[in-house]
Number of protein chains: 2
Amino acid sequence: MLFAEHGVGGTSLQMIAERIGVTKAAVYHQYNTKAEIIRAVAEAELDRLEMVLDEADAEGDAARKRDAVIIGVVDLAVERRRQVGTLLNDPVIARMYSKDERLLRVLGRLDQLVMGPDAGPGSALETAMLTAAISGAVIHPLVAHQKDDILRSELVRLVRRLLSLPV
Amino acid sequence: MLFAEHGVGGTSLQMIAERIGVTKAAVYHQYNTKAEIIRAVAEAELDRLEMVLDEADAEGDAARKRDAVIIGVVDLAVERRRQVGTLLNDPVIARMYSKDERLLRVLGRLDQLVMGPDAGPGSALETAMLTAAISGAVIHPLVAHQKDDILRSELVRLVRRLLSLPV
DNA sequence: GTCTATAGAATGATAGAC
DNA sequence: GTCTATCATTCTATAGAC
């Protein structure tokens, strides 16, 4: 993904068109502005996260929902290392979505699923740290070379420890 | 900081010059290329991190070093929320420093100080998660509004939990 | 839908005066 | 050291042919 390679602000429509294999004009036929492209990419990533939440929410009780969402989010982050980090960390997207109600709603749902229905308002920091830890760890210089399956199991273990859950 | 606001790739020399209050030509008198500016900013941030490590290393035993580095890194991240995230997450800097020996050496030192002298190679992921969690949490949408002092104490508490340390 | 061609602004970088 | 002026290139975006 180009946004993850050069940052959103450092990616031009020329690059995007060349990567796809068409001209700029063809890209502009699908999207009217660069902002629209950014939005489409961010929304697609949010779709994936929401699917993970939906699947977890289909579980029976709160504990199973929580376990499912932890595994699901870790899987998503490992599978799409760079993209998840871009969504959460790129300053252009951050500015675009700082007041976006969908992003806040999805993060709120994640918070509820992870921390349980009786979570107070103080749980936000814990959830923030959780998502930051996962999305940041998978692209960290110290971990860049790590194999997917080892990364997955270790991340789940550390996340559970962060949440004071039994491993 | 402009790099934190628009990303490194999305920041132009025009913007930098205007922010300082001079012309582009004046900036080019100090730095020969844009890459040189990026490097200077990243090095300054690394300097700060290394100073924190130096102070922690001056403590007596391993446990005190570890406690000092946790508090120092959290303080640094809260004090410079955006900048720390930029150094660790911006793809342009990441590419520039992916094979930089100084960055790897500093992160290695951090790993040693946090995990102790008897830490195995598996500790890298734990340290990666730690730095990612701290640097990512402080700029997270769910936490952006949080006051500095509360953020500081809560982060230290959660970091210690992540490391299985007594709070 | 995709192309060529182009407009007008912004980009990184340089030359030369003060 | 800082300025104005400029260079070649690239940028976002549009017009119009096929």
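Computed over heavy atoms, backbone and side chain alike; hydrogens, waters and symmetry mates excluded. We name chains A, B, ... by the order of the sequence lines, and we start the count at 1 in each one.
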Do the charged groups of [X] and [Y] touch, with an N to O distance under 4.0 Å?
X	Y	result
A/R105	A/E50	yes
A/R48	A/E79	no
B/D47	B/R102	yes

Once you round it to whole Å, what is the distance between [atom2] of [N] and [atom1] of [X]?
X	N	atom1	atom2	result
A/I38	D/dT12	CD1	P	10 Å
A/I20	C/dG1	CD1	C1'	13 Å
B/H6	C/dA10	NE2	P	14 Å
B/Q30	D/dT2	CD	P	7 Å
A/K24	C/dA7	NZ	C1'	11 Å
B/Y28	C/dG12	OH	C1'	4 Å
A/M15	C/dT11	CE	C1'	12 Å
A/L13	C/dT2	CG	C1'	16 Å

Check: Taking the side chain of A/A25 as heavy atoms from C-beta outward, which of D/dT14, D/dT12, D/dC3 is closest to it?
Finding: D/dT14
Next item on the list: Go through C/dT2, D/dC3, C/dT11 for me and flag the one nearest to the B/Q14 side chain.
Entry: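 Nearest listed nucleotide: C/dT11.
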Notebook entry, point to check: Between the side chain of A/K24 and the main-chain N/O of A/I16, is any donor-acceptor distance below 3.5 Å?
Noted result: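 Checked: no pair found.
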Note to self: It should be established whether A/S12 places a side-chain nitrogen or oxygen under 4.0 Å from OP1 or OP2 of nucleotide D/dC11.
What the structure shows: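 Answer is yes, contact under 4.0 Å.
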Note to self: With a 4.0 Å cutoff (strictly under), does any side-chain N or O of B/T23 reach OP1 or OP2 of D/dT2?
What the structure shows: no
